[in-house]
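I have placed the structure first, in the form of structure tokens, so that the comments after it can refer back to it.
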Amino acid sequence: MKLGVIGLGTISRYFLDALAEDPRLTLVAVCDLDQDKLAEFPDVARFTDTHALLDSGLVAAVVITLPNDLHAEVARAALTRGIAVCCEKPLTIDPDDARALAETAAAHEAVLFTAFHRRYNSALRALAADLPPRSEIAGVTARYLEDIAEHTGGEGWYLDPARCGGGCLIDNGPNALDAVRLLVGDLDLVDATIGDVRGGAEHCADLELDAGGIPVRVELDWALPTGEVKDVTVELRDGTSRTADLLAGYPGFKASLAHEYRGILSAFHDAVRAGPGAPDPGPDLVALVAAAYRVARAKESRPRMRAKDDAEARMVALMFHSRDDRGMVLSPWGSRCVQAGQVHELVTTVDRPRGEGDRVDRVGFLGFAEFTAATVVQRGDEVWTGSGRRVGTVAGFDECHFPNHYNILVAADSVLTAADLDLRVGHTVRFRPGEV
């Protein structure tokens, strides 16, 4: 089969090495804007224009390894000419574009094939072959953790959300999600969180999914301090587990990719020989990633990102009593703005109010504190004394004395008063953003 490779960036070399080792495949053309890269291929046709390559009549299929934002346009141009497409993941940035590509492929009877290289990993395939029946699987966790700076090959588009489509969720997410699908089938999104956002690109993400009743967790990280972790663990109902370490047995940076990309091109060749038929999973994974972004971006918090400074308040009046029938009521507010100089009451509680109107009876009173600077106090903030003792976390607010002041409810392990904490007038209390 005669192939062309469009895009000669970092990933292309794995396709090119795999192509050279498969006697069924012949590289006949390459395309890139960089003349220096093209000069490395003196024995094949060289193009700087994608359409010129596609119109040359030289290729039956193309491999697309361009930045993510260009996948849809180039794949569409190839498919409309009846040319088979093997596209590096993700297939597209936009799920509408991915669906349109599937429709274009069907209309022109051309093969569309997304390259998910981890599904060809030897350890993952061994795990898939050795899995017990679904009824014995309790859950699955996939980890895809690395330092992205080590993997870009100097190509800045990876960290440009407009070109990449986001960060680790759209870059590493499709491979991790496809690996899990290989084991337990189709996935439905339950929850998603992104964090450590830099220049618009998230550097960590956690996904909670469901595979027909099997809970699935996918952990993604672009900021691992050292090394990399790529593995999938299947927890069984008998308490045992089975793990596929995708890097084990392949010493050296990215050493596992050689056999995985050979697997991609072998499967692509077979798909082209068989002709259009089985749907490409690429559009489903694009839609799943897009759904995860919608959920995660709607959340107010971002893990590993400090949202506000510590706040400090000075005790101006102390209280030493406790009650178990106070009858406070949790307000609907998750946070309150506090102006510099405002005074509010600090109340500890062992009750755990969760929703608006929940009663708070078991309380201990610390007293009144003056905030030294404008701030926002919110649920989950950690409350510490100036001497370094952790009091608890802000559970919410009671408004029985508003507008004079709020009662700031602090969830503690035990009912505490000013005497229990050895507070004195003038002592400080600090509010620190809680860990997310």
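Sequential numbering from 1 along the given sequence is applied to the chain's residues.
Distance alone, capped at 3.5 Å, places no donor-acceptor pair between the T141 side chain and the T233 backbone. Looking at D398, its side chain does come within 3.5 Å of a backbone N or O of C400 through a donor-acceptor pair. Judged by distance alone, the side chain of R81 and the main-chain N or O of A78 form no donor-acceptor pair under 3.5 Å. Panel note: side chain T372, backbone E312; a donor-acceptor pair is recorded below 3.5 Å. No side-chain donor-acceptor contact under 3.5 Å links H71 to the backbone of C87. At distances below 3.5 Å, at least one donor-acceptor pair connects side-chain atoms of D361 with backbone N or O atoms of G327. For E155 (side chain) and T10 (main-chain N/O), a donor-acceptor pair under 3.5 Å exists by modelled atom type. Here the side chain of K308 pairs a donor or acceptor atom with the backbone of V376 at under 3.5 angstrom. Side chain of R302 to main chain of R297: a donor-acceptor pair is present (N/O by atom type, distance under 3.5 Å, no hydrogens or angles). Looking only at distances, a side-chain donor or acceptor of D32 sits under 3.5 Å from a matching main-chain atom of L8.
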Please step through side chain to side chain contact (heavy atoms under 4.5 Å, CB included) for the pair I64 and L70, ending with a clear verdict. CA-CA 9 Å; I64 298 174; L70 300 178; over 6 Å; no
Please lay out, stage by stage, how L416 and R389 fare under the test side chain to side chain contact (heavy atoms under 4.5 Å, CB included). CA-CA 12 Å; L416 300 170; R389 178 172 175 178; 4.0 Å; yes
Under the side chain to side chain contact (heavy atoms under 4.5 Å, CB included) rule, what do D221 and V229 come out as? Steps first, then yes or no, please. CA-CA 9 Å; D221 200 333; V229 177; over 6 Å; no
Could you walk me through whether D351 and R326 pass the salt bridge (Lys or Arg N to Asp or Glu O under 4.0 Å) test, one step at a time? CA-CA 11 Å; D351 291 337; R326 177 60 180 82; over 6 Å; no
Dump the intermediate steps for side chain to side chain contact (heavy atoms under 4.5 Å, CB included) on D309 and T375, then the final yes or no. CA-CA 8 Å; D309 286 338; T375 189; over 6 Å; no
With salt bridge (Lys or Arg N to Asp or Glu O under 4.0 Å) as the criterion, how do E219 and R143 come out once you've worked through the C-alpha distance, each side chain's angles and the decisive distance to 0.1 Å? CA-CA 5 Å; E219 302 173 5; R143 298 188 300 170; 5.1 Å; no
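Contact annotation: the side chain of E146 approaches that of W222 to within less than 4.5 Å [non-hydrogen atoms, C-beta and beyond]. Side-chain contact check for R76 versus D97: some heavy-atom pair is nearer than 4.5 Å. Contact annotation: the side chain of I170 approaches that of C164 to within less than 4.5 Å [non-hydrogen atoms, C-beta and beyond]. Counting heavy atoms from C-beta outward, T114 and L285 have side chains that stay 4.5 Å or more apart. Contact of the H259 side chain with the N121 side chain is registered, since non-hydrogen atoms from C-beta on lie closer than 4.5 Å. Under the 4.5 Å side-chain criterion, counting only non-hydrogen atoms from C-beta, Y120 is in contact with R125. No side-chain heavy atom of I93 sits under 4.5 Å from any side-chain heavy atom of R163. By the 4.5 Å heavy-atom criterion applied to side chains, T348 and V391 are counted as neighbours.
Under the ring-ring contact (aromatic ring centres under 6.0 Å, His included) criterion, H51 pairs with no residue at all, not counting sequence neighbours. For R306, the side-chain hydrogen bond (donor to acceptor under 3.5 Å, both in side chains) criterion is met by D310, not counting sequence neighbours. H427 is linked by a ring-ring contact (aromatic ring centres under 6.0 Å, His included) to nothing, counting only residues two or more places apart in sequence or in another chain. Judged as a side-chain hydrogen bond (donor to acceptor under 3.5 Å, both in side chains), and not counting sequence neighbours, the contacts of R424 are D422. Y14 meets the ring-ring contact (aromatic ring centres under 6.0 Å, His included) test with Y261; sequence neighbours excluded. With sequence neighbours excluded, the residues satisfying ring-ring contact (aromatic ring centres under 6.0 Å, His included) with F368 are H405.
Annotation: the span from E88 atom CD to L66 atom CG amounts to 10.5 Å, rounded to 0.5 Å. Atom CG of L346 and atom CG of L318 lie 10.5 Å apart (nearest 0.5 Å). Atoms CG and CG, from L288 and L187 in turn, are 6.0 Å apart once rounded to the nearest 0.5 Å. To the nearest 0.5 Å, atoms CZ (F365) and OG1 (T417) are separated by 10.5 Å. Going from atom CZ of F397 over to atom CZ of F402 covers 11.5 Å, rounded to the nearest 0.5 Å. Rounding to the nearest 0.5 Å gives a distance of 12.5 Å between CG of N68 and CG of D94.
Under 3.5 Å, the side chains of D231 and T243 contain no donor-acceptor pair of N or O atoms. Between the side chains of T193 and K299, at least one donor N or O lies within less than 3.5 Å of an accepting N or O.
Under the salt bridge (charged side-chain N to carboxylate O under 4.0 Å, His left out) criterion, no residue pair touches residues 406-415, with sequence neighbours excluded. Each ring-ring contact (aromatic ring centres under 6.0 Å, His included) pair with one or both residues in residues 134-180, not counting sequence neighbours, appears once here: H151-F253. For residues 100-120, the salt bridge (charged side-chain N to carboxylate O under 4.0 Å, His left out) pairs, not counting sequence neighbours, are R118-E260, R119-D178. Residue pairs satisfying the ring-ring contact (aromatic ring centres under 6.0 Å, His included) criterion with at least one member in residues 325-353, sequence neighbours excluded, are listed as follows: H344-Y406. Pairs of residues two or more places apart, or lying in two chains, that qualify as salt bridge (charged side-chain N to carboxylate O under 4.0 Å, His left out) and include a residue from residues 235-255 are D130-R242.
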Show me the donor-acceptor pairs, under 3.5 Å and distance only, between side chains in residues 201-208 and residues at least two apart or in other chains.
{"residue": "E202", "atom": "OE1", "partner": "G167", "partner atom": "N", "Å": "3.2"}
{"residue": "E202", "atom": "OE2", "partner": "G167", "partner atom": "N", "Å": "2.9"}
{"residue": "E202", "atom": "OE2", "partner": "C168", "partner atom": "N", "Å": "3.3"}
{"residue": "E202", "atom": "OE2", "partner": "L169", "partner atom": "N", "Å": "2.9"}
{"residue": "E202", "atom": "OE2", "partner": "Y293", "partner atom": "OH", "Å": "2.5"}
{"residue": "H203", "atom": "ND1", "partner": "A201", "partner atom": "O", "Å": "3.0"}
{"residue": "D206", "atom": "OD2", "partner": "R217", "partner atom": "NH2", "Å": "3.3"}
{"residue": "E208", "atom": "OE2", "partner": "R217", "partner atom": "NH1", "Å": "2.2"}

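Note on D186 versus R181: salt bridge recorded, some NZ/NE/NH1/NH2 to OD/OE distance being below 4.0 Å. Remark: D171 engages K89 in a salt bridge, criterion side-chain N to carboxylate O under 4.0 Å.
When all heavy atoms of V234 and L127 are compared, the closest pair comes out as CG2-CD2, 4.1 Å. Across all their heavy atoms, A223 and D196 have their closest contact at CB-OD2, 3.9 Å. Considering every non-hydrogen atom in both G9 and K37, the closest pair reads CA-NZ, 4.0 Å.
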